[in-house]
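Report on one structure; see the data block that follows.
Just so it is clear, the values below take in all heavy atoms, side chains as well, and ignore hydrogens, waters and symmetry mates.
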Amino acid sequence: MPEGPELHLASLYVNKMCNGVVFTGPVRKSEVSKSPDVPFTCEAYRITATSRGKEVKLTLTPIKSDDTKQRLKTGQADQPMDVVFRFGMSGNFRFTTEDELPKHSHLRFYSKEKPCRVLSFVDVRRFGSWQPSGTWQSSRGPCVMFEYKSFRENVVSHLSDSAFDRPICEILLNQKYFNGIGNYLRAEILFRLNIPPFVAARTTLEGLDSEDLCESEKPVKKENTDKKPSDRTKQKRVKEETGDLLRLCHTVPLEVVSLGGKGYDPEKADYSGFKAWLQCYYVDGMKSIRDHNGRTMWFKGDPGPMVPKDSKSPKPKKRAKKEDDHDYTDKKKVARGRSANTTKKQVKQETVTKTPKKNKDARVKQSRSKTQEGNAPHEKKPTARRRKSSNAGPTTAGPLRRSGRVTRQKSN
DNA sequence: CGTCCACGTCTAC
DNA sequence: TAGACCTGGACGG
């Protein structure tokens with residue numbers, strides 16, 4: 001659930017579900033969670049939520065009672081407490097009855113009703129975290145969706161920062177400047193403007209005004225294809241109609257919010273709406289390669305000059321089980337078909353083992369050493385990456401990593 | 001069965 | 001700038 005739109009939708013969900021609900025008692029944490037305890041307990045309190053970029057803040061507000069003495073004696077809160085959440089790769093909120101507690105519910109707020117209900121912070125992978133008495137993380141910039149003006153100013157006034165030496169697709173994930181943008185949004189945003197992902201960020205951004213000159217412009221849409229404008233003209237028109245890159249960092253996430261539903265959440269029934277909204281990310285026919293941080297960048301056309309030297313396309317997953325093969329309307333299939341699979345459900349017990357194990361995600365980053373001799377491309381960056389374990393003898397477990405990864409994409 | 005991949009940070013050489 | 005941190009679904013053998 002994790003880019004700006006999903007975090008915001010989560011805050012809307014909490015406010016809707018918890019409106020009028022009275023919560024009680026302590027906040028409870030799962031055994032396995034390593035996030036801190038939330039030292040808040042109260043006979044009667046309410047919960048509201050707000051979001052900023054990729055964070056959600058819950059505010060726990062005690063309901064006034066006359067019995068101050070009693071409250072203090074039993075350690076009850078009488079002041080509100082904020083808890084700030086980051087969702088990692090899989091965080092979300094759910095409000096259920098007590099006996100329907102979701103698996104991986106790691107922080108729980110109990111309602112005072114008879115068959116009580118529970119607001120859960122659910123997080124399968126546990127990359128998410130929370131901070132009791134928390135504040136918005138100071139290293140993160142303004143929210144691309146709801147602090148648009150200061151977001152723009154923050155970027156435009158810091159273009160000399162060396163962070164902007166990087167390719168545009170990589171700085172779009174830098175939360176100091178693009179709080180709320182994640183991997184699918186960067187693909188969708190650059191795709192809309194036809195910006196090659198691996199061009200220098202500063203080049204792409206300089207010249208943009210800290211004021212949005214497009215301000216009062218109406219939505220988007222409308223594509224007049226009878227004319228064949230030159231590329232230059234086309235670029236200009238695109239800008240006029242849809243706004244510049246910074247504006248799309250604002251409007252594109254907001255589109256996801258207005259889709260309703262849950263945004264990116266393949267497990268949910270209303271995922272199809274989101275899937276249909278995607279134009280580039282994981283879409284059949286698009287290209288993808290790993291950026292310098294090992295994250296998959298989806299794009300169309302020219303990758304741009306700053307492509308990682310040894311980068312390869314991740315393997316195109318075959319479309320999952322059939323599902324619908326009847327294309328009713330225009331076909332807009334997505335490469336990944338996570339079907340709503342509700343079959344088995346191994347109730348495996350989550351444990352607290354601390355066995356040092358082989359990392360998995362790390363392997364994703366190690367681009368296989370293609371030319372396994374140390375050719376050193378020391379042009380610009382001291383690209384020390386790409387090698388590492390290559391000539392250090394085969395690792396016991398994984399001798400040959402991927403061999404030939406084929407570039408997905410049929411046409412171009 | 002094993003490998004690869006996933007909406008994101010963090011922090012330690 | 002590599003790993004580390006996690007679970008689980010899709011796929012391949």
Side-chain angles (χ1 to χ4, degrees), chain A residues 1-7 9-10 32-35 53-55 85-92 103-104 106 122-129 137 139-140 166 170 173-176 178-188 253 256 262-268 271 274-275 278 281-282 288 290-296 298 308 313-321 323 335-346 348-368 381-389 397-403 405:
Chain A
M1 251 259 149
E3 302 186 24
E6 287 77 20
L7 280 274
L9 288 163
V32 292
S33 174
K34 292 172 185 161
S35 281
K54 266 185 241 181
E55 297 182 304
F85 293 79
R86 261 152 272 138
F87 280 16
M89 295 287 263
S90 56
N92 199 1
K103 199 179 173 188
H104 308 295
H106 295 303
V122 182
D123 184 8
V124 174
R125 296 184 68 183
R126 277 183 270 150
F127 293 172
S129 62
Q137 201 171 234
S139 53
R140 311 183 74 103
R166 322 242 67 217
E170 291 175 14
L173 295 185
N174 185 335
Q175 303 298 297
K176 182 176 176 188
F178 297 89
N179 190 5
I181 302 299
N183 206 24
Y184 79 73
L185 283 171
R186 70 170 178 173
E188 294 300 312
V256 178
K262 296 249 158 161
Y264 190 156
D265 188 351
E267 305 301 302
K268 284 292 166 284
Y271 177 58
F274 175 81
K275 215 168 64 172
L278 289 173
Y281 181 80
Y282 247 114
S288 66
R290 296 208 198 285
D291 69 15
H292 291 98
N293 300 308
R295 300 271 256 147
T296 302
W298 289 85
S313 310
K315 180 177 183 213
K317 283 199 169 161
K318 240 140 163 236
R319 207 144 73 282
K321 11 168 112 184
E323 200 57 27
R336 168 179 48 196
R338 303 261 204 73
S339 56
N341 189 346
T342 344
T343 18
K344 55 17 189 353
K345 216 90 219 220
Q346 294 252 9
K348 214 166 47 177
Q349 183 64 31
E350 219 163 342
T351 56
V352 204
T353 65
K354 297 201 186 287
T355 5
K357 17 182 120 164
K358 289 272 177 188
N359 185 316
K360 214 74 148 298
D361 278 5
R363 177 181 305 139
V364 167
K365 290 192 177 173
Q366 73 179 246
S367 44
R368 51 158 223 140
K381 323 242 161 212
T383 325
R385 77 185 324 282
R386 85 152 217 18
R387 56 208 279 272
K388 201 331 189 222
S389 63
L400 47 157
R401 349 241 60 146
R402 61 209 32 259
S403 25
R405 234 68 227 246

Looking at dG8(B) and Phe87(A): do their rings stack (centroid distance under 5.5 Å, interplanar angle under 30°)? no
Quick test of the criterion, 5.5 Å between centres and less than 30° between planes. Is Phe127(A) stacked on dC5(C) or not? yes
If the cut-off is 4.0 Å, is [X] near the phosphate of [N], judged by side-chain N/O to OP1 or OP2?
{"X": "Ser90(A)", "N": "dG8(B)", "result": "no"}
{"X": "Gln175(A)", "N": "dG8(B)", "result": "no"}
{"X": "Arg125(A)", "N": "dG8(B)", "result": "no"}
{"X": "Arg140(A)", "N": "dT9(B)", "result": "yes"}
{"X": "Arg295(A)", "N": "dT9(B)", "result": "no"}

Any side-chain heavy atom of [X] sitting closer than 4.5 Å to one from [Y]?
{"X": "Val32(A)", "Y": "His104(A)", "result": "no"}
{"X": "Glu3(A)", "Y": "Tyr184(A)", "result": "yes"}
{"X": "Arg86(A)", "Y": "Gln137(A)", "result": "yes"}

Interatomic distance, [X] [atom1] vs [N] [atom2] [rounded to whole Å]:
{"X": "Asn174(A)", "N": "dC10(B)", "atom1": "CG", "atom2": "P", "value": "13 Å"}
{"X": "Phe85(A)", "N": "dT9(B)", "atom1": "CZ", "atom2": "P", "value": "16 Å"}
{"X": "Tyr264(A)", "N": "dA6(B)", "atom1": "OH", "atom2": "P", "value": "8 Å"}
{"X": "Arg86(A)", "N": "dT11(B)", "atom1": "CZ", "atom2": "P", "value": "10 Å"}
{"X": "Lys103(A)", "N": "dG8(C)", "atom1": "NZ", "atom2": "C1'", "value": "9 Å"}
{"X": "Phe178(A)", "N": "dT9(B)", "atom1": "CZ", "atom2": "P", "value": "14 Å"}
{"X": "Tyr281(A)", "N": "dC5(B)", "atom1": "OH", "atom2": "P", "value": "12 Å"}
{"X": "His104(A)", "N": "dG8(C)", "atom1": "NE2", "atom2": "C1'", "value": "8 Å"}

Residues which pass ring-ring contact (aromatic ring centres under 6.0 Å, His included) with Phe178(A), listed by chain and number, not counting sequence neighbours: Phe151(A)
Shortest non-hydrogen separation from Ser129(A) to Ser35(A) and the atoms involved: CA-OG, 3.6 Å
Below 6.0 angstrom between ring centroids: does that apply to Tyr282(A) and Tyr264(A)? no
Choose from [options] the nucleotide whose nearest atom is closest to any side-chain atom of [X].
{"X": "Ser129(A)", "options": "dC5(B), dC10(B), dT7(C)", "result": "dC10(B)"}
{"X": "Asn183(A)", "options": "dG8(C), dG8(B), dC5(B)", "result": "dG8(B)"}
{"X": "Tyr282(A)", "options": "dA6(B), dG8(B), dT7(C)", "result": "dA6(B)"}

Under a 4.0 Å N-O cut-off, is there an ion pair linking Arg186(A) with Asp291(A)? yes
Its dot-bracket string being built from Watson-Crick and G-U pairs below 3.5 Å, with | for another strand and [ ] for crossing, DNA chain B has the pattern ||||||.|||||.
Looking at Thr296(A), is its backbone amide N or carbonyl O close enough to the side chain of Ser288(A) to form a donor-acceptor pair, meaning the two atoms are under 3.5 Å apart? no
Determine the Euclidean distance between corresponding P atoms of dC5(C) and dC13(B); express it in Å to zero decimal places. 12 Å
Would you measure the distance from the P atom in dG13(C) across to the matching atom in dC5(B) and give it in whole Å? 15 Å
With sugar-phosphate meaning primed atoms plus P, OP1 and OP2, does Gln137(A) contact a base, only sugar-phosphate, or nothing at under 4.0 Å between heavy atoms? sugar-phosphate
By the 4.0 Å heavy-atom rule, please label Arg186(A) as base, sugar-phosphate, or nothing. nothing
